[in-house]
Structure formats: structure tokens, C-alpha cells
*Asks:* 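One structure, pasted below without further comment.
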Protein chains: 2
Amino acid sequence: MQTEEEILKIKKVKNTAVRTVVLRHLLSHEKAQSLKDIENALAYTDRSSIFRTLKTFEENKVIHSIEDGSGMTKYAVCAEGCNCDPIDLHYHFYCTNCDKTFCLFDIPIPNIQLPKNFKLQQANMVVKGLCDNCNR
Amino acid sequence: MQTEEEILKIKKVKNTAVRTVVLRHLLSHEKAQSLKDIENALAYTDRSSIFRTLKTFEENKVIHSIEDGSGMTKYAVCAEGCNCDPIDLHYHFYCTNCDKTFCLFDIPIPNIQLPKNFKLQQANMVVKGLCDNCNR
DNA sequence: CTTTTAGTGCAACTCGATTGCAAAGATTAT
DNA sequence: ATAATCTTTGCAATCGAGTTGCACTAAAAG
Ligand SMILES: [Mn+2]
Ligand SMILES: [Mn+2]
Ligand SMILES: [Zn+2]
Ligand SMILES: [Zn+2]
């Protein structure tokens with residue numbers, strides 16, 4: 001497990017107070033976090049600063065975003081070595097009951113044979129249903 | 001190819017002027033359409049009426065929605081026999097250049113082996129890249 | 001025909017996302 | 001060390017897709 005400083009160094013993103021605390025928040029949560037989630041947790045950091053931090057992180061592949069259909073984009077830290085290329089693709093699970101989303105790193109994504117002349121760049125794969133905690 | 005009237009009859013949705021024209025619009029476009037797309041095309045129909053029509057259609061499985069990350073939910077008519085169950089799952093392709101989205105009915109979706117005790121209900125699978133038209 | 005239920009149009013509103021701008025902080029040049 | 005320059009941050013305002021209340025109209029039921 002890498003520290004915030006290590007990750008930012010590897011991804012060549014300058015370390016600042018806001019970036020450290022935002023990345024720390026993401027690292028310490030198993031579930032993907034929305035801007036609102038982070039804003040609520042970091043009472044003294046401005047929303048727009050968090051927003052711009054997330055943009056910077058995403059541009060530099062520190063994190064990736066997930067559109068889970070909940071209305072709020074969620075963010076998760078990229079796995080070590082992730083470059084946000086098609087090879088790094090993975091499913092996400094969204095629980096329709098508890099509204100939480102997380103990466104399914106362990107389930108393989110098959111090769112997707114696109115029609116002729118199409119070029120795969122990325123994907124947003126969200127599987128929805130009940131998580132183990134809500135499925136009782 | 002079924003007519004608007006046939007589809008609505010099968011799905012037990014009452015036929016109205018707005019519903020007919022919205023469904024016709026969707027049927028006549030290969031690409032998934034946003035509320036804005038439909039609003040622009042149907043100059044004399046109110047946005048909220050289109051909006052409620054889309055909700056009704058989705059509830060009754062006349063159409064399904066796609067979150068392609070463009071910021072606008074898009075809608076496509078369900079295939080004949082579709083019940084919006086996991087069995088009806090399919091990928092969608094979003095072109096990052098022309099901002100168009102459509103169903104990839106011909107590409108099989110593999111069985112997704114979720115972790116123990118998880119229950120699959122639905123999915124939003126969006127593959128992104130360049131369409132054949134934009135990939136030159 | 002009268003009553004009831006469903007659909008539509010308009011305007012207002014919600015809320016997540018985004019931006020302009022000035023102050024604060026960090027970096028580079030003199 | 002100081003000044004000039006660039007970057008980050010906070011605040012307030014704005015945007016825009018989505019959603020809702022309400023009155024009016026149309027359709028269905030009695
Ligand atoms: Mn992920
Ligand atoms: Mn589809
Ligand atoms: Zn859950
Ligand atoms: Zn295209």
C-alpha cells in the first residue's frame with residue numbers, strides 16, 4: 001500500500017494540503033466516493049477545491065471516475081500500475097439498496113470484440129444489484 | 001419491426017399523442033436519444049411531457065436508459081421480447097468524438113460471477129471509444 | 001350528461017457540476 | 001533577499017439536466 005506522497009510522486013502531481021487530504025480520504029474508504037461525500041468529510045476544505053483536485057487526479061490517473069447512475073459521479077483510487085487503458089478495465093458494483101459503489105478488481109473483463117473500425121478507449125461498466133450486506 | 005401502436009399495446013401503455021410522437025422519434029433514430037434531443041426534434045411538445053413520457057416508457061419497459069457519461073441520460077427502444085432483466089443485458093458504445101451512443105446487441109455479454117451473496121439486478125455497460133465514422 | 005381519472009403545458013425549482021475572480025501560497029528570476 | 005511569475009485555494013455566482021406543483025384539457029367511467 002502506497003502513501004499519498006508516493007502516489008502523487010509517481011503520478012507526477014504536485015503535493016498540496018488539499019490534495020493530500022482528498023487522496024487520504026479516498027484511500028481510507030473502500031467504497032467509491034462522491035464529491036459530496038468528500039465535502040461532507042472534509043468540513044474545512046472548499047467544494048470547488050475538492051472538485052478541481054478530483055479533476056487533476058483524474059487527468060493524471062491518480063483516480064478514475066464511475067458513473068453509477070446515482071446522479072453523483074464517484075471516484076476511486078487507481079490500482080498500482082493502472083494507466084486507465086483498456087487493459088485496466090474492471091467492473092463496478094452499485095448496490096441499489098445502500099447506494100454504494102466499488103471496484104470489482106477480481107472479476108475478469110472479457111475481450112470485447114467491437115464492430116469493424118471501432119476503437120476501444122475506455123469503459124464505464126456498472127453492474128447493479130444487492131450487495132452481500134443488503135441481500136438478506 | 002413493430003409500429004408505435006403495437007409496441008404500446010404489448011407493453012400495456014395507453015396511447016396518446018405525445019407518447020406516439022416520442023416513441024416514433026426513438027424508433028426512427030438508430031442512436032440513443034437524450035431528453036434534449038427529443039425536445040429539440042419535437043418543437044411543439046413540452047419538455048416535462050416528454051420527460052414523463054420517458055419515465056412511463058421506462059417503467060413499462062418500452063425503453064431503457066443509458067448513462068453514457070455525457071451528462072445526459074440517453075434512451076433506446078427495447079428489443080422485441082426484452083424485459084429489462086439481466087438476460088437482456090447488452091453493451092452500449094459511446095463515441096468520445098461524436099458524442100453518440102447506441103446499443104451493441106450483437107456482442108455477447110459474458111456471465112458475470114459476482115462475489116458470494118451478491119444479487120445481480122441490472123447493469124449499465126458503456127464501452128467508450130471511436131466509432132467507425134470517427135476513427136479515421 | 002356528469003363525474004372521475006389520466007395526460008399535458010407552463011413555470012418554478014432542485015441540486016450536482018462548473019466557472020470567474022481575487023487572495024494566498026509556491027516557484028523562479030533578478 | 002526581493003521581485004516577478006505561476007499555481008492553488010476559497011468564495012460566490014452560474015449553469016443546466018432533471019424534476020415537481022398546479023391548473024387546464026382530454027379521455028374514460030358512471
Ligand atoms: Mn474502479
Ligand atoms: Mn441498449
Ligand atoms: Zn448494499
Ligand atoms: Zn463517432
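All values below were derived from every heavy atom in this structure, side-chain atoms included, with hydrogens, water molecules and symmetry-related copies excluded.
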*Asks:* More than 12 heavy atoms of other residues, nucleotides or ligands under 6.0 Å from NZ of Lys11(B): yes or no?
*Replies:*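 Yes - once you tally the heavy atoms of other residues, nucleotides and ligands closer than 6.0 Å, there are more than 12.
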*Asks:* From CG of Leu35(B) over to P of dG9(C), roughly how many Å is that when rounded to an integer?
*Replies:*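 Interatomic distance, CG of Leu35(B) to P of dG9(C): 13 Å.
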*Asks:* Measure from CD on Glu39(A) to P on dC11(D) and round the result to the nearest Å.
*Replies:*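 Taking CD of Glu39(A) and P of dC11(D), I get 12 Å after rounding.
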*Asks:* Side chain to side chain donor-acceptor pair (under 3.5 Å) with Glu58(A): which residues, sequence neighbours excluded?
*Replies:*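 With neighbours one apart ignored, the set is Ser65(A).
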*Asks:* Considering only residues two or more places apart or on different chains, which pairs with a residue in residues 13-29 of chain A satisfy salt bridge (Lys or Arg N to Asp or Glu O under 4.0 Å)?
*Replies:*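 Sorted result for residues 13-29 of chain A: Glu4(A)-Arg24(A).
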*Asks:* Which value, rounded to the nearest 0.5 Å, describes the distance between Lys55(A) atom NZ and Glu59(A) atom CD?
*Replies:*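 It is 8.0 Å, given to the nearest 0.5 Å.
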*Asks:* So if I take residues 14-33 of chain B and measure heavy-atom distances to DNA chain D, which residues fall below 4.0 Å?
*Replies:*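 Nothing qualifies; none.
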*Asks:* What side chain to side chain donor-acceptor pair (under 3.5 Å) pairs are there with at least one residue in residues 93-106 of chain B, not counting sequence neighbours?
*Replies:*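 Every pair satisfying side chain to side chain donor-acceptor pair (under 3.5 Å) with a residue in residues 93-106 of chain B: Gln121(A)-Thr96(B), Asp68(B)-Thr101(B), Tyr94(B)-Asp99(B).
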*Asks:* Scan the side chains in residues 45-54 of chain B for donor-acceptor partners under 3.5 Å anywhere in the protein, sequence neighbours excluded, and list what turns up.
*Replies:*
from     : atom 1 : to       : atom 2 : distance (Å)
Asp46(B) : OD2    : Ser48(B) : N      : 2.9
Asp46(B) : OD2    : Ser48(B) : OG     : 2.5
Arg47(B) : NE     : Glu39(B) : OE2    : 3.3
Thr53(B) : OG1    : Ser49(B) : O      : 2.8

*Asks:* To the nearest 0.5 angstrom, please state how far the CD1 atom of Ile87(A) sits from the CD1 atom of Ile109(A).
*Replies:*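 Result: 11.0 Å between the selected atoms.
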*Asks:* Within this structure, what is the CG-to-P distance between Leu8(B) and dA27(D), rounded to whole angstrom?
*Replies:*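 Taking CG of Leu8(B) and P of dA27(D), I get 16 Å after rounding.
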*Asks:* Just jot down the side chain to side chain donor-acceptor pair (under 3.5 Å) partners of Asp37(B), sequence neighbours excluded, or say none.
*Replies:*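 If we apply the side chain to side chain donor-acceptor pair (under 3.5 Å) test to Asp37(B), skipping adjacent residues, the hits are Ser34(B).
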*Asks:* Using the salt bridge (Lys or Arg N to Asp or Glu O under 4.0 Å) rule, collect all pairs that involve residues 125-136 of chain B, keeping only residues at least two apart or in two chains.
*Replies:*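 Not a single pair qualifies under salt bridge (Lys or Arg N to Asp or Glu O under 4.0 Å).
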*Asks:* Side-chain heavy atoms under 4.5 Å apart, restricted to Ile/Leu/Val/Met/Phe/Trp/Tyr: what other residues fall into the cluster of Ile10(B), or is it alone?
*Replies:*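 Ile10(B) clusters with nothing; isolated.
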*Asks:* Given atom CD1 of Ile38(A) and atom C1' of dG10(D), what is their separation to the nearest angstrom?
*Replies:*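 Taking atom C1' of dG10(D) as the reference, CD1 of Ile38(A) is at 17 Å.
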*Asks:* Could you pull out all residues at least two apart from Asn40(B) that satisfy side-chain contact (heavy atoms from CB on, under 4.5 Å)?
*Replies:*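 Testing Asn40(B) for side-chain contact (heavy atoms from CB on, under 4.5 Å), a comparison that skips the adjacent residues, returns Lys36(B).
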*Asks:* With the side chain counted from C-beta on, respond yes when Tyr75(A) and Ile66(A) share a heavy-atom pair under 4.5 Å apart, and no when they do not.
*Replies:*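 No - every pair of side-chain heavy atoms lies 4.5 Å or more apart.
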*Asks:* I need the residues from residues 41-63 of chain A with at least one non-hydrogen atom less than 4.0 Å from DNA chain C; give them sorted by number, or say none.
*Replies:*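 Correct list: Arg47(A), Ser48(A), Phe51(A), Arg52(A), Lys55(A).
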*Asks:* Of all of residues 67-77 of chain A, which get a heavy atom below 4.0 angstrom from DNA chain C, listed by number?
*Replies:*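 When residues 67-77 of chain A is checked for heavy atoms under 4.0 Å from DNA chain C, the hits, listed by number, are Gly71(A), Met72(A), Thr73(A).
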*Asks:* Which of parallel (below 30°), tilted (30 to 60°) and perpendicular (above 60°) describes Phe105(B) and His64(B)?
*Replies:*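 Rings of Phe105(B) and His64(B): perpendicular, over 60°.
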*Asks:* How bent is the helix from dC1(C)-dG30(D) to dT30(C)-dA1(D), measuring the angle between the end axes built from five pairs each, rounded to 10°?
*Replies:*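 End-to-end axis angle for the helix from dC1(C)-dG30(D) to dT30(C)-dA1(D): 20°, rounded to 10°.
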